[in-house]
J.: 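My structure is below; once you've seen it, I'll send some questions.
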Amino acid sequence: MNIRLVLNLLTLMTGGLVVTITSIFIGKQAYSWLPPQAAAESHLIDDLFSFLVTLGAFIFLSVTSTVLYSITFHRAKNYDMSDGPHIEGNVTLEVVWTAIPIMLVLWIAAYSYQVYEQMGIQGPSHLVHLHNPMQMQTGYAQEQETPAEIVSEPLEKIDVLAKQWAWVFHYPEKGITSTELHLPSDRRVRLALQSEDVLHGFYIPAFRLKQDIVPGRTINFEFTPIRPGKYSLTDSQYSGTYFATMQANVIVEAPEEYHEWLTKAASHIPTPAKNQAASEYAQTSNQSIKTGWETVKPAAPPVVNFSG
C-alpha cells in the first residue's frame, strides 16, 4: 500500500479521534452553563442541550480542522499562478454530503420530539386543533432509581392566573391566594394555568419548563420540584407594555416548611399586593408631558393573603 495513503489515513483517524473526544468534553461542559436542575424534568432538557452542543462542536471542529489542514499542507507554492486540476464532479461525495446532514437533522428531530413527549408540554396546537390535551409525564417516570415515595405522593393542585401584568396563585384546598408561588420539594405538582386577557408564557428557567397560557382555556401542567431554593418565574411571551415587570418568586421548600407557610398565609387578611406595572402606569398617567401613544391599562393589583 502507498505510504502516503497510509499516512493520510492515520492522520484522518487521529484527527477524527481528537475532534470526537474534544466535542464530547465540550458537550459535558454545557451542563455547567445552565442553572441548577431544580425540577425532575430538568435533566431531559439538559441532556438534549448537551447533545446539541456536542454535535455542533463536532461539526465546527471538523470543518475548521479540515480548512486548517488544507491551507497548511495543500497551499500553492509561492508565485504559482497556474490553475488547479480540472474536476468534473464526484457523485459519491455529493451523495455523502447530502445524506449526512439529512440524517443528522432527522436524528435531532427524533431526539427532540422524544424529549417533548416525555416532558408532555402542551402547546396551543394541542388545544386549538386536538381539543384533547395529552397527559403530562414526569421526568422521574424515565428514571429507574426513582424513590417510590415521590411517585406515589399525591398531587399538590394550584391554580395559576396570568394577567396584564401579574401572576396570581390560588391554593384551593386552603383558600389562599398569593403573588409568590410556593411549592413542596419532591412532591408532584399540578398547575391549572389560565389567562385573564392575552397569551402569556409560564417559564421557570431553573425548572427548564415553559408553557404557553391560552386565553379562554385551562391547561393542566405537571412537574416535580426537587431542589429547595428561590427561583424566578417570568412571562416568556410579549404581553404588552409592562410585560417585563411580570415576574414572580418561586419558593421550593421542604414539605413541612411548605405546610407551615400555608398555615401562616391562611391567617393573613387579604390585601392588595404591590404591583410594579400598576405603579409605573400611575406615574406615567400623572406626568404633564404626554408621549402621544396609548397603552393598555394594567389590571388592578391582585388582592391576596400573601404578597411575598
Side-chain angles (χ1 to χ4, degrees), residues 34-36 38-39 42 45 121-124 158-172 176-183 189 191-219 221 223 225 227-253 258 261-262 264-265 268-308:
L34 301 171
S42 301
I45 298 298
I121 296 175
Q122 303 170 30
I158 305 171
D159 299 327
V160 179
L161 177 64
K163 59 181 180 178
Q164 295 169 305
W165 284 269
W167 295 101
V168 183
F169 310 103
H170 178 62
Y171 299 78
I176 298 171
T177 305
S178 172
T179 54
E180 189 173 75
L181 179 59
H182 282 248
L183 302 171
V189 176
L191 304 182
L193 305 175
Q194 293 180 321
S195 171
E196 188 177 276
D197 34 52
V198 298
L199 183 68
H200 294 280
F202 182 90
Y203 178 43
I204 306 177
F207 291 1
R208 316 294 193 270
L209 297 173
K210 187 177 82 69
Q211 172 61 54
D212 292 340
I213 309 176
V214 183
R217 303 280 184 173
T218 298
I219 301 177
F221 191 56
F223 56 91
R227 187 186 183 96
K230 182 177 180 180
Y231 307 100
S232 178
L233 164 65
T234 186
D235 189 352
S236 61
Q237 300 288 347
Y238 179 75
S239 55
T241 307
Y242 300 101
F243 92 103
T245 67
M246 192 168 170
Q247 301 188 29
N249 291 327
V250 180
I251 309 298
V252 178
E253 50 200 350
Y258 171 71
W261 175 82
L262 288 176
K264 176 182 176 182
H268 292 176
I269 299 175
T271 56
K274 179 182 178 181
N275 185 269
Q276 185 176 349
S279 300
E280 292 185 10
Y281 179 82
Q283 293 177 1
T284 303
S285 301
N286 295 331
Q287 290 179 354
S288 58
I289 301 177
K290 301 299 180 180
T291 60
W293 51 272
E294 297 295 332
T295 185
V296 176
K297 182 179 180 180
V303 178
V304 298
N305 300 86
F306 189 85
S307 59

J.: If I compare all heavy atoms of Ile213 with all of Ile219, which pair ends up nearest, and what's the gap?
T.: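 Scanning both residues completely, I find the closest heavy atoms to be CA-CD1, 4.4 Å.
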
J.: Within the 3.5 Å criterion, strictly below it, is a donor on Ser239 or Trp165 matched to an acceptor on the partner's side chain?
T.: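 Distance-only check passes for Ser239 and Trp165.
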
J.: Looking at Asp197 and Lys163, would you say the former's side chain and the latter's main chain have a donor-acceptor pair under 3.5 Å?
T.: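 It does not hold such a pair.
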
J.: Answer with yes or no after comparing the ring centroid distance for His182 and Phe169 against a 6.0 Å cut-off, counting only values under it.
T.: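 Here the rings of Phe169 and His182 have centres that are no less than 6.0 Å from each other.
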
J.: Would you confirm whether Asp235, through its side chain, and His200, through its main-chain N or O, come within 3.5 Å as a donor-acceptor pair?
T.: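 No, because the side chain of Asp235 does not come within donor-acceptor range (under 3.5 Å) of the backbone of His200.
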
J.: Quick one, Tyr258 with Val252, criterion side-chain contact (heavy atoms from CB on, under 4.5 Å). Give me CA distance, side-chain angles, the key distance, then yes/no.
T.: CA-CA 8 Å; Tyr258 171 71; Val252 178; over 6 Å; no

J.: Of all heavy-atom pairs between Arg208 and Leu34, which one has the smallest distance, and what is that distance?
T.: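 Looking at all heavy atoms of both residues, the closest pair is NH2-CB, 3.5 Å.
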
J.: Would you say the side chain of Ile176 lies within less than 4.5 Å of the side chain of Leu262, judging by non-hydrogen atoms?
T.: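 Side-chain contact under 4.5 Å: yes.
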
J.: Tell me, with the steps shown, if Leu209 and Tyr203 meet side-chain contact (heavy atoms from CB on, under 4.5 Å).
T.: CA-CA 6 Å; Leu209 297 173; Tyr203 178 43; over 6 Å; no

J.: Taking the side chain as every heavy atom from C-beta outward, state whether Lys210 and Phe202 have any atom pair closer than 4.5 Å.
T.: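 Of all side-chain heavy-atom pairs linking Phe202 with Lys210, none is under 4.5 Å.
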
J.: Do Arg227 and Pro36 come close enough that some side-chain heavy atom pair is under 4.5 Å?
T.: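 A side-chain contact exists here, since the closest heavy-atom pair is under 4.5 Å.
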
J.: Please check if any side-chain donor atom of Gln194 sits under 3.5 Å from a side-chain acceptor atom of Thr218, or the reverse.
T.: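 Looking only at side-chain atoms, Thr218 and Gln194 do form a donor-acceptor pair, the distance falling under 3.5 Å.
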
J.: Is there side-chain contact between Ile251 and Leu181, with at least one heavy-atom pair below 4.5 Å?
T.: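 They are not in side-chain contact.
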
J.: Quick one: does Gln247's side chain get under 4.5 Å of Gln276's, heavy atoms only?
T.: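 Side-chain contact under 4.5 Å: no.
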
J.: Between the side chain of Arg217 and the main-chain N/O of Leu193, is any donor-acceptor distance below 3.5 Å?
T.: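 No, the answer is negative, given that no donor and acceptor are paired below the 3.5 Å cut-off.
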
J.: Start with the C-alpha gap between Lys297 and Tyr281, add the side-chain angles, then the distance that decides, and say whether side-chain contact (heavy atoms from CB on, under 4.5 Å) holds.
T.: CA-CA 7 Å; Lys297 182 179 180 180; Tyr281 179 82; 3.6 Å; yes

J.: Considering non-hydrogen atoms only, spot the tightest contact between Ala265 and Asn305 and give its length.
T.: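 Nearest heavy atoms, Ala265 then Asn305: O-CB, 3.4 Å.
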
J.: Could you check whether any side-chain heavy atom of Pro225 comes within less than 4.5 Å of a side-chain heavy atom of Val189, counting everything from C-beta outward?
T.: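 Pro225 vs Val189: side chains touch.
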
J.: Considering only heavy atoms from C-beta outward, does the side chain of Leu233 approach that of Asn249 to under 4.5 Å?
T.: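 In short, these two side chains do not touch, never coming nearer than 4.5 Å.
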
J.: Could you report the tightest heavy-atom contact between Ser232 and Pro205, atom names first, then the distance?
T.: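 Closest approach of Ser232 to Pro205: O-CD, 3.4 Å.
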
J.: Taking the side chain as every heavy atom from C-beta outward, state whether Thr234 and Met246 have any pair of such atoms under 4.5 Å apart.
T.: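 No; the side chains remain at least 4.5 Å from each other.
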
J.: Where is the tightest heavy-atom contact between Ser195 and Leu161, given as atom of each residue plus distance?
T.: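 It is C-CD1, 4.3 Å.
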
J.: So, the side chain of Ser178 versus the backbone of Phe306: is there a donor-acceptor pair under 3.5 Å, distance only?
T.: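 Between the backbone of Phe306 and the side chain of Ser178 there is a qualifying donor-acceptor contact (under 3.5 Å).
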
J.: In Å, rounded to the nearest 0.5 Å, how long is the span from CD1 of Ile204 to OG of Ser236?
T.: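 Between Ile204 CD1 and Ser236 OG, I get 11.0 Å after rounding to 0.5 Å.
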
J.: Between Ala277 and Pro298, which heavy-atom pair has the shortest distance, and what is it?
T.: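 In this case the closest contact between Ala277 and Pro298 is O-CG, 3.7 Å.
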
J.: Taking it one step at a time, do Asp212 and Gln237 satisfy side-chain contact (heavy atoms from CB on, under 4.5 Å)?
T.: CA-CA 8 Å; Asp212 292 340; Gln237 300 288 347; 2.8 Å; yes

